[in-house]
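Here, residue 1 is the first one in the sequence, and each next residue gets the next number.
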Amino acid sequence: MSRQTATGRSIPIITPAQGVTEAMIRELVVTFYDRVLRDPELGPIFHKAVSGRWSEHLAVMVDFWSSIALRTARYSGKPQAAHMGLDLTPELFARWLDLFAGTAREILKPDVAEFFIERARRIAESLQIGLGIGPKALRLP
């Protein structure tokens with residue numbers, strides 16, 4: 001099963017991603033979150049939310065992305081709950097996505113980078129909907 005993207009590319013939804021390895025996932029996660037910690041907008045949020053638990057957080061993120069890309073089913077967390085109460089905004093999500101995309105494009109082959117970037121966009125959109133922020137959030141009376 002696959003889904004067409006806006007660019008007409010087919011992205012597998014059920015099968016593992018082609019050309020992705022655990023080593024690539026680990027490098028992406030470690031490099032990206034190192035940059036997040038140094039980012040003036042995102043760093044303070046992550047320092048506060050994950051202070052003293054960075055090794056644990058990185059391991060969870062590797063499991064998360066492994067579950068998405070390789071269908072390993074190692075991740076069993078609750079992303080919506082983990083992001084509640086962090087005062088996130090659409091602008092912060094956009095910053096996160098820009099940093100993620102830049103990191104992915106810098107360290108991964110183009111097709112692999114685009115796989116991760118597309119998934120990250122969908123995840124960010126879903127999180128924003130669930131958190132009630134962003135352009136697609138439900139506005140109930």
Which atom of Ala113 lies closest to which atom of Ala104, heavy atoms considered: CB-O, 3.4 Å
Trp65 vs Val20 side-chain heavy atoms within contact, under 4.5 Å: no
Atom pair CG/CD1 of Leu97 and Ile117 - distance to nearest 0.5 Å: 9.5 Å
Heavy-atom closest contact (Leu28 atom, Ile107 atom, distance): CA-CD1, 3.5 Å
Nearest atoms (heavy-atom pairs only) where Ile68 meets Phe115: O-CZ, 4.2 Å
Interatomic distance, Phe100 atom CZ to Thr31 atom OG1 [nearest 0.5 angstrom]: 11.0 Å
Salt-bridge criterion met for Arg74 and Glu22 (N-O under 4.0 Å): yes
Pair Arg38 + Asp34: basic N to acidic O under 4.0 Å: yes
Glu125 vs Arg121, salt bridge (Lys or Arg N to Asp or Glu O under 4.0 Å): CA-CA, chis, key distance, verdict: CA-CA 6 Å; Glu125 184 176 285; Arg121 285 184 183 132; over 6 Å; no
Heavy-atom closest contact (Gln128 atom, Pro90 atom, distance): OE1-CA, 3.4 Å
Side chain proximity check, Arg122 to Glu118, heavy atoms < 4.5 angstrom: yes
From CG (Leu42) to NE2 (His47), nearest 0.5 Å: 10.5 Å
Exceeds 12 heavy-atom contacts within 6.0 angstrom, atom CZ of Arg26: no
Separation between OG1 of Thr89 and CG of Leu131, rounded to the nearest 0.5 Å: 11.0 Å
Spacing of Met24 atom CE and Phe116 atom CZ [to the nearest 0.5 Å]: 8.0 Å
Electrostatic pair Glu114:Arg119 at N-O distance under 4.0 angstrom: no
Shortest non-hydrogen separation from Thr103 to Leu99 and the atoms involved: OG1-O, 2.8 Å
Spacing of Glu91 atom CD and Asp98 atom CG [to the nearest 0.5 Å]: 12.0 Å
Closest non-hydrogen atom pair between Ser66 and Thr72, with its separation: OG-OG1, 2.9 Å
Heavy-atom side-chain proximity of Val62 to Tyr75 below 4.5 angstrom: no
Sub-4.5 Å side-chain heavy-atom contact between Leu70 and Thr21: no
is_close_aromatic(Trp96, Tyr33), centroid dist under 6.0 Å: no
